[in-house]
Amino acid sequence: MCQKRWEGRHSVTHAEHGVRGSAATDAETRTGTARIVLWLVVAALAVRQMTVVLRQPPGERLTDLETWIGENGVLRVKGSLYDPDRFTGTPFAGLVLKPLGASAEEALGIAWTTVSLLLVVALGLVAARALPSPVGRRTALFAAPVAITLLMVSLPVRNALHLGQTSILPVLLVLVGCLTVRDQRVQGLLVGIAAALQPPVLLFAVLLWLTGRRRAALTGGAGFVALTAVAWAALPHDSWTYWIHHVAGAGLGERPDGLANQSLHGALLRLGLHGPLEITVLLVLAVAVAVLGLRRAARYARDGQLLLAVSVTGCVAVVVSPTTWQHQLLWVLLAVVGRVGKRASDRPVWPAVVVLVLTLPGTMLLPNVGALHPVRDNVLLLTALAAACAVPFLPRTSPYWSAPVPTDYARPVPARWSRVPLLPFWRRVLTRPNLLLELLLIRVVYSAYAKVRLAATAGRPTAEKHGRQVHSLEQWLHIDVEHWFNHKVAGIGWMRDFFDYYYSTFHFIIPLTILGVLYVRRPADYRWARSTIGFATLLALVGFWLYPLAPPRLMPGLGFIDTVHGVQDFSKPDYGTLTSVTNQYAAMPSLHFGWSLWCGLMILILAPKVWMKPLGLLHPFFTICAIVGTGNHWVLDAAGGALVVSLGFLLTYALAGPRRLRSPDDDRDRQPVAGSGGRPSADARTLAGRGTAATTGAARE
């Protein structure tokens, strides 16, 4: 009997080991596959970047490089480097680049782009190896391809590749010197060479001094002085022009008050400060930023976060430099490694801000509102300033470094379909999401939507052809009421004014208001609602792209009255393009009606009072009257809007499960009966543990 019992336990143990081994093998396979995919993405991005650069006409690619070493480049012709103000590098950089003037222009362009991409790869590899420990195995495997991908899609690298600039090399030299090399003299030499190419990098010698590597700091300073002296001896007139006349190159290149100069000096000039007042304010602020930023960097270096310390120092250099062009902002992207926030749900906020700011133009991050223009125009500078002086990066000694406050997840009720949710990890959170991250998400998605919507047009003939198809189908269905209702609205003054105002005003106000109320009062339902309208909008883009459609007001010969935009001149080929920011042929489906229907359904489903629910039907009713009465949409456009909203709800249900959440009472009803010893079974204990998180979150809600 004992023998049989032992054999049974032995077989169970083998079975458990087999299951665990199989699961581990599957996890290893998935990890390896994901890593291969990421490296393929890196290769595809590299090929794309090279193709984009080299396919440009000769006068539009590598523009700075061609200005330097082209047929009439400043490095080939005799005379000063800085006479035409086209060369913005240091005299030492000019001395290094001069031998390249003898190269063939086409071959040099290919070689320059290839070497620049290899430098980006090396930069990503060094940054990935410098992540602060402890680093998980999966993070270590994915860090390099992810870092290289982010570098390649960032604005500084894209700008450097387009211009043919040398700004990637100083960053790599500093990273190798501060993070990889152990010999202090070599560290200092690399920093000195980087500073000779880009003078603000000399601040890294101060970082080396503050972190106890004083021999490296002295070597870096001496190397910078020696290389600058060599350039001064070889090019005395150019050195005088750069260092004295232009004050370390501050007056070279584009206008210092232009948006391209993302330094504190450029921002003060854009704010209207000039002369001695601007210089005084600049010096005071620059000293304050340098002292605070370098002290923070030294603290992070002593904490073992060397990559973050390098990034913070680079951000200080970005801020205090007289001129900081876009291709010199790679330091800001490296700040993505800093950990911010005690809660796990807040951890993605800082990386998302850095990646979005360094990959997208400011016009996509902030709306076109006059009060926000100073922020939008200086968003790169503000991010660098925040990283240098303000963002509270966690030290590794913090208890939240490896164990942030966990997120409370809601438990949806079981779905009717066995395969729902299709993505079981897409769980709703009971607490409200981070507001900054949500605003960035909404703004970026809407900006991308607007750009795709603008590009999704096949021209006037196709749009009018589709308009005739829709009009014929409506006549066959006997629902072609647009002409009658449009003229009825146009003939009654108060009705025309009301629907014109309703069409142009409430389209954005009501959806944003509903999202805002849900964010504050119903955070778990907010995520579900936001996903439904997001899916509906993405599906609408497919319709705009596949079926460009002329609205009734832009159909010649049908006699519709454009009550909002006025009379259209059909004799002009581009009469339908009223502005440069909208696509007049994005009519099918109607998101005016689709979003209004979403609003009505949200009110109908979530309104706490019974008398409020019927009010939700008023907005879609007024909206369909407005879009038809003003001649902006066909009736079938509204049907298309209803379809994409329905599909948005269906997709959300399929991916995330039903909207209703399991209450604590449901968990108690499902709890199994205790065993013979009075203790609940393992399943009961697991269920009770899960229910605790749901109960806590429900109480917070």
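Only heavy atoms go into these numbers, but all of them, side chains included; no hydrogens, no water, no symmetry mates. Remember, predicted model here, so these are calculated numbers, not experimental data.
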| Main-chain N/O of Gly629 paired to Asn486 side chain as donor or acceptor, under 3.5 Å | yes

| message | Do Pro589 and Phe544 make a side-chain contact, defined as non-hydrogen atoms from C-beta onward lying under 4.5 Å apart? | response | yes

| message | Is the positively charged end of Arg427 above the ring of Tyr409, judged by distance under 6.0 angstrom from the centroid and angle within 45° of the axis? | response | yes

| For Thr363 and Arg376, what are the C-alpha separation, side-chain angles and deciding distance, and is it a side-chain contact (heavy atoms from CB on, under 4.5 Å)? | CA-CA 7 Å; Thr363 52; Arg376 185 190 67 184; 4.1 Å; yes

| query | Backbone N or O of Pro548 within a donor-acceptor pair of the His466 side chain at under 3.5 Å? | reply | yes

| said: Taking Gln262's backbone N and O only, do any of them form a donor-acceptor pair with Gln326's side chain (distance below 3.5 Å, no angle check)? | reply: no

| query | What distance do Cys599 atom SG and Leu617 atom CG have between them, rounded to the nearest 0.5 Å? | reply | 12.0 Å

| task | Hey, can you tell me if His471 and Trp634 have their rings parallel, tilted or perpendicular (30° and 60° cut-offs)? | result | tilted

| request: Please check if any side-chain donor atom of Thr537 sits under 3.5 Å from a side-chain acceptor atom of Trp595, or the reverse. | output: yes

| request: Could you check whether the rings of Tyr501 and Phe506 sit parallel, tilted or perpendicular, using 30° and 60° as the cut-offs? | output: perpendicular

| Are the aromatic rings of Tyr503 and Phe498 close, with centres under 6.0 Å apart? | no

| field | Arg343 side-chain N/O to Thr407 backbone N/O, donor-acceptor pair under 3.5 Å | value | no

| said: Would you say Asp408 and Thr431 are linked by a side-chain donor-acceptor pair, where the criterion is simply a distance under 3.5 Å? | reply: no

| Which pair of non-hydrogen atoms, one from Leu518 and one from Met602, has the smallest distance, and what is that distance? | CD1-SD, 4.5 Å

| request: Give the C-alpha distance, both sets of side-chain angles, the deciding distance and a yes or no for side-chain contact (heavy atoms from CB on, under 4.5 Å) between Met50 and Leu161. | output: CA-CA 8 Å; Met50 179 171 286; Leu161 290 173; over 6 Å; no

| Would a distance-only check, ignoring hydrogens and angles, find a side-chain to backbone donor-acceptor pair under 3.5 Å from Asn378 to Leu381? | no

| task | Output the distance between atom CG (Asp525) and atom CG (Leu606), rounded to the nearest 0.5 Å. | result | 5.0 Å

| task | Tell me yes or no: between the side chains of Tyr585 and Glu464, is some donor less than 3.5 Å from an acceptor? | result | no

| said: So does Val489 get a backbone contact from the side chain of Arg496, meaning a donor-acceptor N/O pair under 3.5 Å? | reply: no

| Just wondering, are more than 12 heavy atoms of other shown residues or ligands nearer than 6.0 Å to CZ in Phe508? | yes

| request: Flag the pair Ile514 / Pro511 as yes when at least one side-chain heavy-atom distance between them is below 4.5 Å, and no otherwise. | output: no

| said: Can you give me the closest heavy-atom contact between Ser154 and Leu330, atom names plus distance? | reply: OG-CD2, 4.1 Å

| message | Out of the candidates Asp480, Val635, Leu636, only one should pair with Val470 under the side-chain contact (heavy atoms from CB on, under 4.5 Å) rule; please name it. | response | Leu636

| request: Return yes if some donor-acceptor pair links the side-chain N/O of Glu482 with the main-chain N/O of Pro552 below 3.5 Å, else return no. | output: no

| query | How far apart are the C-alpha atoms of Leu356 and Leu365, what are their side-chain angles, what is the distance that settles it, and do they pass the side-chain contact (heavy atoms from CB on, under 4.5 Å) test? | reply | CA-CA 8 Å; Leu356 290 176; Leu365 299 173; 3.9 Å; yes

| query | Counting distance only, does the side-chain N/O of Lys613 pair as donor-acceptor with the main-chain N or O of Ile603 below 3.5 Å? | reply | no

| said: Working to the nearest 0.5 angstrom, can you tell me the gap between Leu358 CG and Leu155 CG? | reply: 6.5 Å

| query | Hey, does the side chain of Tyr519 reach the backbone of Leu435 with a donor-acceptor pair shorter than 3.5 angstrom? | reply | yes

| message | How close do Leu45 and Met152 get, counting heavy atoms only, and between which atoms? | response | CB-SD, 3.9 Å

| Which value, rounded to the nearest 0.5 Å, describes the distance between Thr359 atom OG1 and Met364 atom CE? | 9.0 Å

| field | Non-hydrogen side-chain atoms of Thr113 and Leu54 separated by less than 4.5 Å | value | yes

| query | For the side chain of Arg411 and the backbone of Leu661, is there at least one donor-acceptor N/O pair under 3.5 Å apart? | reply | no

| task | Determine, step by step, whether Arg468 and Met555 satisfy the side-chain contact (heavy atoms from CB on, under 4.5 Å) criterion, reporting the C-alpha distance in whole Å, the side-chain angles of both residues, the deciding distance to 0.1 Å, and the verdict. | result | CA-CA 8 Å; Arg468 289 189 292 270; Met555 287 295 294; 3.6 Å; yes

| task | May I ask you to decide whether Glu438 forms a salt bridge with Arg530, counting only side-chain N to carboxylate O separations under 4.0 Å? | result | yes

| From Leu651 atom CG to Leu538 atom CG, the distance as rounded to the nearest 0.5 Å | 9.5 Å

| task | Would you check, one step at a time, whether the test side chain to side chain donor-acceptor pair (under 3.5 Å) holds for His592 with Tyr502? | result | CA-CA 11 Å; His592 263 81; Tyr502 203 93; over 6 Å; no

| task | Pick out which of Thr563, Thr505, Thr630 makes a side-chain hydrogen bond (donor to acceptor under 3.5 Å, both in side chains) with Asp500. | result | Thr563

| message | Determine whether the aromatic ring centres of residues Phe593 and Trp598 are separated by less than 6.0 angstrom. | response | no

| message | Below 30° counts as parallel, above 60° as perpendicular, anything between as tilted: where do the rings of Tyr653 and Trp417 land? | response | perpendicular

| Gly124 to Ala147 - nearest heavy-atom pair and separation | O-CB, 3.9 Å

| said: Are the side chains of Leu163 and His327 in contact, using a 4.5 Å heavy-atom criterion? | reply: yes

| query | When rounded to the nearest 0.5 angstrom, what is the spacing between CD1 in Ile605 and CZ in Arg659? | reply | 6.5 Å

| Heavy-atom side-chain proximity of Leu558 to His483 below 4.5 angstrom | no

